[in-house]
Amino acid sequence: MRIGIVGAGGRMGQMLVREVAATPGATLAGGTERPGSALLGRELGVLAGIDPLGVKVADDPAALFRAADVVIDFTSPAATVSHAKLSAETGTALVVGTTGLSADDQAAISTAAARVPVVQAANFSLGVNLLAGLVRKVAATLGDDWDIEIVEMHHRHKVDAPSGTALALGQAAAAGRGVDLQAMKDTVRDGHTGARQPGRIGFATLRGGDVVGDHTVLFAAEGERLELTHKAASRAIFARGAVRAALWTAGKAPGLYGMDDVLGL
Ligand code: NAD
């Protein structure tokens with residue numbers, strides 16, 4: 001399977017290059033960076049800290065989509081939208097890890113998914129996908145006298161908040177309760193907020209240092225508290241899941257898939 005990586009010079013991009021190089025049955029079709037990037041022309045393997053792979057960082061995503069069977073995208077929302085269009089035009093499958101997408105950005109991905117298989121996940125780790133299933137189950141079991149709060153911490157470079165994973169966990173909790181997250185979420189509390197409203201799903205965002213990604217979902221009632229936590233110690237878990245998702249797209253019908261499909265959860 002020929003795998004292309006857009007944003008190949010990024011934190012996740014470099015991790016993905018290493019993972020593709022180490023995965024039997026996968027070959028690196030190429031990697032791109034944004035136009036004007038200082039990384040253009042650099043050897044992809046060397047940039048990722050491994051042996052040379054004979055491929056250089058390029059800035060022609062259309063050529064990469066033509067050369068690849070599947071492209072993995074952990075970039076930025078604007079770049080992901082243009083990559084989704086290229087994916088539909090070239091018939092190349094797409095794996096999307098970019099978070100912080102607006103409703104319009106998401107619509108572009110759904111449009112591409114009508115033409116090609118697209119796997120999209122806010123978090124490609126096995127543990128977080130299992131956690132989402134647990135959260136859904138617990139939320140369905142407990143009444144709304146149990147307050148749900150989601151706390152996340154990430155490194156100081158992260159640009160969107162709450163994290164895509166925190167929102168996905170909120171979505172799982174809302175689905176368990178049979179409510180709409182959009183209508184029930186509290187993402188900002190500041191000043192005289194008044195007492196907590198029953199049934200709301202609260203989010204708290206921490207940023208600092210080099211934290212790869214910590215998420216806790218708290219269920220708090222009078223007299224007891226249940227906390228479900230996942231901690232990512234390395235970005236390798238996301239890269240492993242994304243490459244697994246890329247291999248999984250072979251022979252799949254067009255559609256928008258999630259990690260639960262890939263993992264058979
Ligand atoms: P990063 O800033 O280190 O990397 C992004 C890279 O994309 C940069 O090198 C940037 O130059 C490049 N880029 C931007 N526009 C481009 C374009 N038009 N063409 C080619 N390359 C382009 O960020 P990161 O930490 O690697 O995270 C990237 C995204 O992935 C973020 O949205 C982050 O939240 C998300 N993420 C998702 C998961 C998951 O499991 N789904 C895990 C980690 C990070």
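Keep in mind that what you see is a predicted model, and the values were worked out from it rather than measured.
Put simply, the side chain of T205 never gets that close to the backbone of A161: no donor and acceptor are under 3.5 Å apart. With D69 contributing its side chain and R2 its backbone, the two residues share a donor-acceptor pair below 3.5 Å. Panel note: side chain N129, backbone N123; a donor-acceptor pair is recorded below 3.5 Å. Formation of a donor-acceptor pair under 3.5 Å by the S110 side chain with backbone atoms of Q106 is found in this model. A donor-acceptor pair is defined here as one N or O able to donate and one able to accept, closer than 3.5 Å; no such pair exists between the side chain of T193 and the backbone of R189. In this structure, the side chain of S87 does not engage the main chain of H83 through any donor-acceptor pair within 3.5 Å. Remark: the backbone N or O of K185 is paired with a side-chain donor or acceptor of R200 at under 3.5 angstrom.
The aromatic rings of F124 and F74 sit tilted, their planes meeting at an angle between 30° and 60°.
Residues A166 and E152 approach most closely at CB-CG, 4.0 Å, considering heavy atoms. When all heavy atoms of G100 and P77 are compared, the closest pair comes out as O-CG, 3.6 Å. Listed here is the closest heavy atom pair of A239 and M12: N-CE, 3.7 Å. Contact record, S125 with V128: OG-N, 3.1 Å, taken as the closest heavy-atom pair. Between G170 and I201, the shortest heavy-atom contact is O-CD1, 4.1 Å. Taking every heavy atom of both residues into account, P52 and E43 meet most closely at CA-OE1, 3.4 Å.
Residues V243 and I3 form a side-chain contact, since some pair of their non-hydrogen atoms from C-beta on lies under 4.5 Å apart. Proximity of V212 to K231: side-chain heavy atoms (C-beta onward) are nowhere separated by under 4.5 Å. Side-chain atoms of V217 and E227, non-hydrogen and from C-beta on, never get closer than 4.5 Å to each other. For the pair Y257/T249, no side-chain contact is recorded, criterion being any heavy-atom separation below 4.5 Å from C-beta on. Here the side chains of V6 and I72 are not in contact, with every heavy-atom distance at 4.5 Å or above. When side chains are defined from C-beta on, V119 counts as touching W248, because their heavy atoms get closer than 4.5 Å. Between L167 and F203, the closest side-chain pair of non-hydrogen atoms falls below 4.5 Å. Taking the side chain as every heavy atom from C-beta outward, V17 and L53 approach each other to under 4.5 Å.
Residue pairs that meet the side-chain hydrogen bond (donor to acceptor under 3.5 Å, both in side chains) test with at least one member in residues 58-67, sequence neighbours left out, do not exist here.
Within a 6.0 Å radius of NZ in K252, more than 12 heavy atoms belonging to other residues, nucleotides or ligands are found. Counting non-hydrogen atoms of neighbouring residues, nucleotides and ligands closer than 6.0 angstrom, the CZ atom of R207 exceeds 12 such neighbours. The local environment of CZ in R244 is sparse, with at most 12 non-hydrogen atoms from other residues, nucleotides or ligands closer than 6.0 Å. The number of heavy atoms from other shown groups lying within 6.0 Å of CZ (R136) does not exceed 12.
Among I5, T32, T90, L86, the single residue meeting the side chain to side chain contact (heavy atoms under 4.5 Å, CB included) criterion with L64 is T32.
Hydrophobic clustering (ILVMFWY, side-chain heavy atoms < 4.5 Å, transitive): L218 and L131 are in distinct clusters.
For the residue pair H215 / S163, a side-chain donor-acceptor distance below 3.5 Å is found, with atom types taken as modelled. With 3.5 Å as the limit, one finds no donor-acceptor pair spanning the side chains of H155 and D210. Side-chain atoms of T80 and T75 form a donor-acceptor pair, as typed in the model, at a separation below 3.5 Å. Donor-acceptor pairing under 3.5 Å is recorded for the side chains of D73 and T98.
Between E33 and K56 there is no salt bridge, since no side-chain N of the basic residue sits under 4.0 Å from a carboxylate O of the acidic one.
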(message) salt bridge (Lys or Arg N to Asp or Glu O under 4.0 Å), that's the test. Do R196 and E149 meet it? Break it down for me.
(response) CA-CA 11 Å; R196 193 184 197 286; E149 295 281 312; 2.6 Å; yes
